[in-house]
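From a predicted model like this one, the values you see are computed outputs, not experimental measurements. Just follow the structure's listing: the first ligand is 1, and inside any ligand the first atom is 1.
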Amino acid sequence: MNMATSLDGKITTFEHLKVRIGSAEDRRRMELLRKRADAVIIGKGTLVTDDPPLLIRDPQIAAAREAERGAPHPLNVALSSRLDFDVAGARFLHQNPAPVLVLTTEAAPAAARAAVAAVAEVEVVEATPDGRVDMRAALAALAARGVTQLLLEGGGGLNFSMLELGLVDEIFLTLCPYIIGGVTSPSMVDGRGFTKDAVRKLTLQSVTPHDSGELFLHYAVEQERASVRDSETFAGGFEIR
Ligand SMILES: NC(=O)c1ccc[n+]([C@@H]2O[C@H](COP(=O)([O-])OP(=O)(O)OC[C@H]3O[C@@H](n4cnc5c(N)ncnc54)[C@H](OP(=O)(O)O)[C@@H]3O)[C@@H](O)[C@H]2O)c1
């Protein structure tokens, strides 16, 4: 997973605007991660709000990727269980020099599937009981296409699903020197959230401060959960370790 957040963990304002909060150095680091990845994946919310072709714009990084792997950009993957977005207006689909794959479910109407299939690849995968794309099935479909390094770029809903299933190995987080605030402002990990017994535990790999005021953080995601115990000093409370 690679994300840029404000100091308070938000990825956009409560207005859900299309905003970029990372610096040029953040962009460069993101493109180096894209260079390493076979594919980059986003959820429908990010597709609709940001509509971003997930490209490598730095000519040197793109050329290096092309020399090493035969293509300047990784496969661009988006998830939408019903394809209920503005397919005709999506730049991600229509103005994207990278190869594009949309993962969906049987719930997507045939007309919407055909509209996406006219400009990108569409693959129907299993749905979860609540009708979303089953992420294990999605990752199996990607693995069958030779994807072994998958870069997850949000948003918070998809990030939660992937963490919940133990499908995230590493987190690269750019902590940006801003406060966005707001109880309804999207954060790096949204979804339902974890109960105290299911809090995910991370191990710090590196911290790199930068002149921009950003901190570039790299964590490994542990398979074991954080441990929880009654607090001796915080009456009635818990300590997560
Ligand atoms: N600062 C950053 O680094 C950064 C990066 C990315 C995004 N963002 C921001 O994040 C916001 C979007 O986040 P979001 O949480 O609303 O949307 P999201 O995580 O991008 O997409 C979630 C949507 O994906 C679809 N989906 C299908 N299967 C899913 C599954 N198993 N688990 C989760 N989602 C599944 C669902 O739509 P269906 O039910 O229709 O299938 C779901 O509503 C935008 O405001 C964007 O600007 C910021």
Side-chain angles (χ1 to χ4, degrees), residues 1-23 25-27 29-31 33-34 40-55 76-87 90-92 101-109 112-113 116 122-142 150-168 171-180 182 184-194 214-217:
M1 179 193 302
N2 181 49
M3 299 292 286
T5 74
S6 60
L7 197 65
D8 52 328
K10 305 296 185 183
I11 55 177
T12 185
T13 64
F14 69 86
E15 304 136 295
H16 291 220
L17 297 175
K18 176 176 177 173
V19 288
R20 180 176 289 161
I21 58 174
S23 66
E25 175 61 10
D26 172 59
R27 172 90 205 178
R29 286 171 178 258
M30 177 182 74
E31 295 200 348
L33 291 172
R34 288 180 179 174
V40 186
I41 191 167
I42 56 170
K44 186 189 79 179
T46 302
L47 170 56
V48 169
T49 309
D50 294 0
D51 196 10
L54 308 165
L55 304 176
N76 280 204
V77 185
L79 286 179
S80 169
S81 45
R82 289 176 299 280
L83 301 179
D84 54 351
F85 60 93
D86 176 16
V87 170
R91 270 192 331 137
F92 182 84
L101 170 66
V102 179
L103 296 176
T104 188
T105 70
E106 290 288 356
R113 275 190 239 174
V116 177
V122 184
E123 185 163 342
V124 173
V125 296
E126 273 171 56
T128 57
D130 63 355
R132 293 189 147 191
V133 174
D134 180 315
M135 292 314 298
R136 287 204 179 92
L139 265 56
L142 292 173
L150 179 63
L151 179 59
L152 169 61
E153 291 196 2
L158 179 57
N159 290 348
F160 176 74
S161 292
M162 292 282 283
L163 282 163
E164 187 178 33
L165 293 169
L167 299 175
V168 181
I171 297 178
F172 294 86
L173 169 62
T174 302
L175 214 46
C176 302
Y178 308 108
I179 300 287
I180 292 180
T184 59
S185 303
S187 70
M188 181 175 104
V189 182
D190 287 328
R192 197 173 43 249
F194 295 115
E214 293 167 321
L215 288 180
F216 297 104
L217 308 177

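- Inter-residue side-chain proximity for Asn2 and Arg34 is flagged as unmet; no heavy-atom pair is nearer than 4.5 Å.
- The side-chain heavy atoms of Asn159 and Leu152, taken from C-beta on, include a pair separated by under 4.5 Å.
- In this structure the side chain of Glu153 never reaches within 4.5 angstrom of the side chain of Leu33, judged on heavy atoms.
- Figure legend: cation-pi geometry between Arg29 and Phe216, with NZ or CZ positioned under 6.0 Å from the six-membered ring centre and within 45° of its axis.
- Contact check for Pro177 versus Glu214: side-chain heavy atoms found under the 4.5 Å cut-off.
- Near ligand 1, heavy-atom contacts under 4.0 Å come from Met3, Ala4, Ile11, Thr12, Gly43, Lys44, Gly45, Thr46, Thr49, Asp50, Leu79, Ser80, Ser81, Arg82, Asp84, Arg132, Val133, Met135, Glu153, Gly154, Gly155, Gly156, Gly157, Leu158, Ser161.
- In this structure the side chain of Thr12 never reaches within 4.5 angstrom of the side chain of Thr49, judged on heavy atoms.
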